[in-house]
Student: 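Let me give you the structure first, and then I'll get to my questions.
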Amino acid sequence: MARPPQISGAEWEVMKVLWEASPLTGSEVAERIGGHPKTVKTLLGRLVRKGALRYTEEGNRYLYRPTLAREKYVAEESKSFLRRVFGGEATPALVHFVETVDLSEEEIQELRELLDRRAKGEKS
């Protein structure tokens, strides 16, 4: 399968709204993110051209929906981030986050359990 198209930070905000609830009109998306309708409609047009969204016409309205699940984008963005920032290596990235992010005891326990499962060959 081809990689999902690159999307900007502002486009991510639009996509998040549509991953939560779709189909939506441009006006509905603008209302949910608190953005200017014209700006949001420009972003929607870009996302359609990139292939991240598709739309259907219903009367005089366009209803937008994502072409791929959020998980596909998150997976690709994560890989891209690892390649760009950590040379594709997961361990330095994990070490960085564990050392720099304030983790609760519950989060630390969750990470321990995840690592234990992975060590046993299980996936979550």
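Nothing here was measured: the structure is a model prediction, and the numbers come from that model.
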Student: May I have the step-by-step check of side-chain hydrogen bond (donor to acceptor under 3.5 Å, both in side chains) for Arg46 and Thr42, ending in yes or no?
Tutor: CA-CA 6 Å; Arg46 286 183 193 161; Thr42 298; over 6 Å; no
Student: Could you give the distance from CG (Leu18) to CG (Leu44), rounded to the nearest 0.5 Å?
Tutor: 6.5 Å
Student: Kindly compute the distance separating CG (Leu68) from CZ (Arg3), expressed to the nearest 0.5 Å.
Tutor: 13.5 Å
Student: What's the separation between atom CD in Glu13 and atom CG in Leu43, rounded to the nearest 0.5 Å?
Tutor: 10.5 Å
Student: Distance from Glu11 atom CD to Ser8 atom OG, nearest 0.5 Å?
Tutor: 3.5 Å
Student: Under the side-chain contact (heavy atoms from CB on, under 4.5 Å) rule, collect the residues that match up with Tyr62, sequence neighbours excluded.
Tutor: Tyr55, Glu57, Tyr64
Student: Do the non-hydrogen side-chain atoms of Pro5 and Tyr73 ever get within less than 4.5 Å of each other?
Tutor: yes
Student: Between Lys50 (side chain) and Gln6 (backbone), is there a donor-acceptor pair under 3.5 Å?
Tutor: yes
Student: Donor-acceptor check, side chain of Thr39 to backbone of Gly35, threshold 3.5 angstrom: yes or no?
Tutor: no
Student: Supply the atom-to-atom distance Asp116 CG to Arg118 CZ, rounded to the nearest 0.5 angstrom.
Tutor: 12.5 Å
Student: Treating Ile, Leu, Val, Met, Phe, Trp and Tyr as nodes and any side-chain heavy-atom pair under 4.5 angstrom as an edge, say whether Met15 and Leu63 lie in one connected cluster.
Tutor: no
Student: Is there a donor-acceptor contact under 3.5 Å from the side chain of Thr67 to the main chain of Arg54?
Tutor: no
Student: Name the atoms and distances for all side-chain donor-acceptor pairs under 3.5 Å in residues 24-32, with sequence neighbours left out.
Tutor:
unit_1	atom_1	unit_2	atom_2	d
Thr25	OG1	Glu28	N	3.1
Thr25	OG1	Glu28	OE1	3.3
Glu28	OE1	Thr25	N	2.7

Student: Any sub-3.5 Å donor-acceptor pair from Glu99's side-chain atoms to His96's backbone N or O?
Tutor: no
Student: With Ile108, which residues qualify under side-chain contact (heavy atoms from CB on, under 4.5 Å), at least two apart?
Tutor: Leu103, Glu105, Arg112
Student: Cluster question for you: counting only ILVMFWY and a side-chain heavy-atom cut-off of under 4.5 Å, with indirect links fine, are Val101 and Leu82 together?
Tutor: yes
Student: With a cut-off of 6.0 Å (strictly less than), are more than 12 heavy atoms of other residues, nucleotides or ligands near CD of Glu113?
Tutor: yes
Student: Hey, what do you get for CZ (Phe97) to CG (Leu111), rounding to the nearest 0.5 Å?
Tutor: 12.0 Å
